[in-house]
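Worksheet for the structure shown next.
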Amino acid sequence: MMRAAVELISIGNELLLGETQDTNATWLSRELAAAGIAVARRATVGDDVAAIRDVLGDALRRTRFVVCTGGLGPTRDDLTRHAVAALYDRALVIDEGWVSVLRERYGRRGMDMPEINRIQGEHPAGATLLPNERGTAPGIVIDDDHIGTTILLPGVPSEMQWLMHAHVLPLLQRRFTSTSPIESRVLRTAGLTEAALAERISDIAGDAAPLSLAFLPQVAGVDLRLTAADATAARAFDRVISRLRERLGDHVYADTNEDLAAVVGRMLAERRMTIALAESCTGGLVGKRLTDPAGASAYMRGGMIAYANAAKQTLVGVSGQTLATHGAVSEQCARELADGARRRLDADVAISITGVAGPDGGSEAKPVGTVWIGVALRGRTEVKLFRLIGTREEIRERAAQASLDMLRRLLLAHAPRARA
Ligand code: ATP
């Protein structure tokens, strides 16, 4: 049987101008996939009657079921209703029932309803209104045997989401029988490029069917995403994931969307270890990420942003001689930063990062992207040289990720302590 499919249209000039991010489309795609309904296409269009009509008309000819968001407000620039009425060749009429609901809501707060709000009851004749408890614009469903079905939802994300859960998903489930969720799983990897990863798992990728396997490279590492189009395919998840895990070993750090810092934080907490940081070129990125999870106080002692040489000396205790002889971006400096941070904050573990993030400041011996990372773990301090590529932002992000991954690998060798 063919999978139920719909198209999505996001309406609003602010979306085309890039002033508002189209989070509605992302959210709707995810909810629909979970409900087993494929999104065949997505489009974005400005507040323009002809343009909305064109895009909607094309979408309906292809898919016959379209969900639109935005442009239902009471102001002049909210033109979605007009465009849809024109396309379906229906008059716009006002639902006095909805207008009374709004008048009553205003009344309860001791206010008169602004007359402009009458427009919120306006809809193409014969359409069904979906009452909106979170705002003034109801959802609108327009059905036509020849043209297809269009659902209009307001652009405000919280209202759109409420209407989807309260009305639209139940309607879709009645309309499209036998849908099973489109499920996906993720494996997050660190320390391998996309090409190296692809090479290593090429045979597994080759027979992952009925699952589809996608490589999602990001600055911080490559995610592998497996998708099952239906419940039968979903049975293959365990088999393929265990083969991937076996092949990739400790390159895999999560099988959820969890950040590497959260994984490291949990590993520290399980081992009852505390951490301190001395960050130079990353300017606190590692500290920020390690303190993102609630409960970070279980492991996080603190950190120093030791950017200038003087700060490396006074905050962390790097020796003037080290800086004079080897420079700030050096193995010796990274080692003293890690040791100093761990000692000064009385932590079990410390991370240090010192490097050249660019775009200026590189030299032949220490080009942009040269980053020394230290990890002090109880009595031992490991220091490694990384040669990272990319823009300043990417180098900083890669350095932060590399430091967390280095610590994660060292922690793997330390079993969690048994509970007292
Ligand atoms: P209402 O009738 O409740 O006023 P509306 O249908 O008129 O809603 P818009 O005027 O288009 O909606 O947008 C209202 C708000 O929702 C704006 O702040 C806008 O930035 C935001 N918004 C609109 N479309 C989207 C979208 N696709 N993703 C995220 N936010 C959106």
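Treat the numbers as computed from the prediction; the structure is a model and nothing was measured.
- Around atom CD1 of Ile389, no more than 12 heavy atoms belonging to other residues, nucleotides or ligands sit under 6.0 Å away.
- In this structure, the side chain of Arg247 engages the main chain of Arg200 through a donor-acceptor pair within 3.5 Å.
- Contacts of Ala137 classified as side chain to side chain contact (heavy atoms under 4.5 Å, CB included), with partners at least two apart in sequence or in another chain: Leu72, Gln120, Pro154.
- Among pairs with a residue in residues 67-100, none fulfils ring-ring contact (aromatic ring centres under 6.0 Å, His included), at least two apart in sequence or across chains.
- Within the structure, ring-ring contact (aromatic ring centres under 6.0 Å, His included) pairs that include any residue of residues 22-48 comprise Trp27-His165 (at least two apart or interchain).
- Panel note: side chain His123, backbone Thr128; no donor-acceptor pair is recorded below 3.5 Å.
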Can you give the donor-acceptor pairs under 3.5 Å from side chains of residues 155-163 to other protein atoms, not counting sequence neighbours?
from, atom 1, to, atom 2, distance (Å)
Glu159, OE1, Asn132, ND2, 3.0

Pairs of donor and acceptor atoms involving the side chains of residues 112-119, under 3.5 Å and at least two apart or interchain, shall be tabulated with distances.
from, atom 1, to, atom 2, distance (Å)
Glu115, OE2, Arg103, NH1, 3.2
Asn117, ND2, Tyr106, OH, 2.8
Arg118, NH1, Glu96, OE1, 3.2
Arg118, NH2, Glu96, OE2, 2.8

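- Between Lys288 and Asp292 there is a salt bridge, since a side-chain N of the basic residue sits under 4.0 Å from a carboxylate O of the acidic one.
- Put simply, CD1 on Ile140 and CZ on Arg81 are 5.0 Å apart, with the number rounded to the nearest 0.5 Å.
- Side-chain contact between Val39 and Val67 is absent, with no heavy-atom pair separated by less than 4.5 Å.
- Under the 4.0 Å criterion applied to side-chain N and carboxylate O atoms, Asp405 and Arg408 are assigned as salt-bridge partners.
- The distance from the CD1 atom of Ile142 to the CG atom of Leu87 is 8.5 Å, given to the nearest 0.5 Å.
- Contact record, Leu129 with Pro138: CD1-CG, 4.1 Å, taken as the closest heavy-atom pair.
- Residue Glu183 comes nearest to Ala234 through the heavy atom pair OE2-CB, 3.8 Å, listed as atom of the first residue, atom of the second, then distance.
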Determine, stepwise, if the pair Leu412 / Leu410 fulfils side chain to side chain contact (heavy atoms under 4.5 Å, CB included).
CA-CA 5 Å; Leu412 284 173; Leu410 291 171; over 6 Å; no

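- In this structure a side-chain-to-backbone donor-acceptor pair under 3.5 Å is missing from Arg342 to Gly379.
- A search for side chain to side chain donor-acceptor pair (under 3.5 Å) contacts involving Glu393 returns nothing, not counting sequence neighbours.
- Among residue pairs with one or both ends in residues 48-58, those qualifying as side chain to side chain donor-acceptor pair (under 3.5 Å) are Asp58-Arg61; sequence neighbours excluded.
- Every pair passing ring-ring contact (aromatic ring centres under 6.0 Å, His included) that includes a residue from residues 28-70 is listed here, sequence neighbours excluded: Phe65-Phe176.
- For the atom pair CD1 of Ile395 and OG1 of Thr370, the computed distance is 8.5 Å after rounding to the nearest 0.5 Å.
- Closest of all the heavy-atom pairs between Leu192 and Ala196 is CD2-CB, 4.2 Å.
- In this structure, Leu60 CG and Asp144 CG are separated by 9.5 Å, a value rounded to the nearest 0.5 Å.
- Ala334 approaches Ser352 most closely through the heavy-atom pair O-OG, 2.7 Å.
- Using a 3.5 Å distance cut-off with no hydrogens or angles, the side chains of Ser10 and Asn24 do not pair a donor with an acceptor.
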Given side chain to side chain contact (heavy atoms under 4.5 Å, CB included), test Val375 with Lys384 step by step and report yes or no.
CA-CA 9 Å; Val375 174; Lys384 259 173 87 172; over 6 Å; no

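- Side-chain contact of Arg188 with His251: a donor-acceptor pair under 3.5 Å is absent, judged by distance alone.
- Checked by atom type and distance alone, the side chain of Thr391 pairs as donor or acceptor with a backbone atom of Glu394 at under 3.5 Å.
- Proximity of a side-chain donor or acceptor of Asp47 to a complementary backbone N or O of Asn13 within less than 3.5 Å is detected.
- Nearest heavy-atom pair, Arg90 versus Ala127, reported as atom, atom and distance to 0.1 Å: NH1-N, 4.1 Å.
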Distance-only donor-acceptor hits, side chain of residues 252-263, under 3.5 Å, sequence neighbours excluded:
from, atom 1, to, atom 2, distance (Å)
Asp255, OD2, Arg245, NH2, 3.3
Thr256, OG1, Glu258, N, 3.2
Glu258, OE1, Arg266, NH1, 3.0
Glu258, OE1, Arg266, NH2, 3.4
Glu258, OE2, Arg266, NH1, 2.7
Asp259, OD1, Arg289, NH2, 2.8
Asp259, OD2, Arg289, NE, 3.1

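- Legend: residues meeting side chain to side chain contact (heavy atoms under 4.5 Å, CB included) with Ser100, ordered by chain and number and at least two apart, are absent.
- Arg225 places no side-chain N or O within donor-acceptor distance of the main-chain N or O of Phe215, the cut-off being under 3.5 Å.
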Go through the steps to decide whether Arg243 and Asp207 satisfy the test salt bridge (charged side-chain N to carboxylate O under 4.0 Å, His left out), and finish with yes or no.
CA-CA 11 Å; Arg243 284 186 71 198; Asp207 59 27; 3.0 Å; yes

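- Nearest heavy atom pair, residue Ala338 against residue Thr381, reads CB-CG2, 4.2 Å.
- For Glu279 (side chain) and Gly284 (main-chain N/O), a donor-acceptor pair under 3.5 Å exists by modelled atom type.
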Evaluate Arg41 against Thr63 for side chain to side chain contact (heavy atoms under 4.5 Å, CB included), listing each step before the verdict.
CA-CA 9 Å; Arg41 243 184 235 228; Thr63 325; over 6 Å; no

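- Look at Glu382 and Arg380 and you find a salt bridge, because one of the NZ, NE, NH1 or NH2 atoms lies within 4.0 Å of a carboxylate O, short of that distance.
- Listed for the Lys312 side chain is a donor-acceptor partner under 3.5 Å among the backbone atoms of Ala306.
- In the model, Thr149 has a side-chain atom that pairs as donor or acceptor with a side-chain atom of Arg175 under 3.5 Å.
- Shown here are the side chain to side chain donor-acceptor pair (under 3.5 Å) partners of Thr189, two or more places apart in sequence or in another chain: there are none.
- Remark: side-chain polar atoms of Arg396 are paired, donor with acceptor, to backbone N or O of Cys281 under 3.5 angstrom.
- For the atom pair CG (Leu411) and CE (Met273), the distance works out to 6.0 Å, reported to the nearest 0.5 Å.
- One N or O on the side chain of Thr80 and one on the backbone of Gly70 form a donor-acceptor pair closer than 3.5 Å.
- If you check the side chains of Ser29 and Arg42, you find a donor sitting under 3.5 Å from an acceptor.
- Here Leu130 contributes atom CG and Ile151 contributes atom CD1; the two are 7.0 Å apart, rounded to the nearest 0.5 Å.
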Apply side chain to side chain contact (heavy atoms under 4.5 Å, CB included) to residues Leu268 and Asp348 and explain how you reach the verdict.
CA-CA 9 Å; Leu268 288 167; Asp348 300 304; over 6 Å; no

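- Among pairs with a residue in residues 298-308, those fulfilling side chain to side chain donor-acceptor pair (under 3.5 Å) read Tyr307-Arg392, at least two apart in sequence or across chains.
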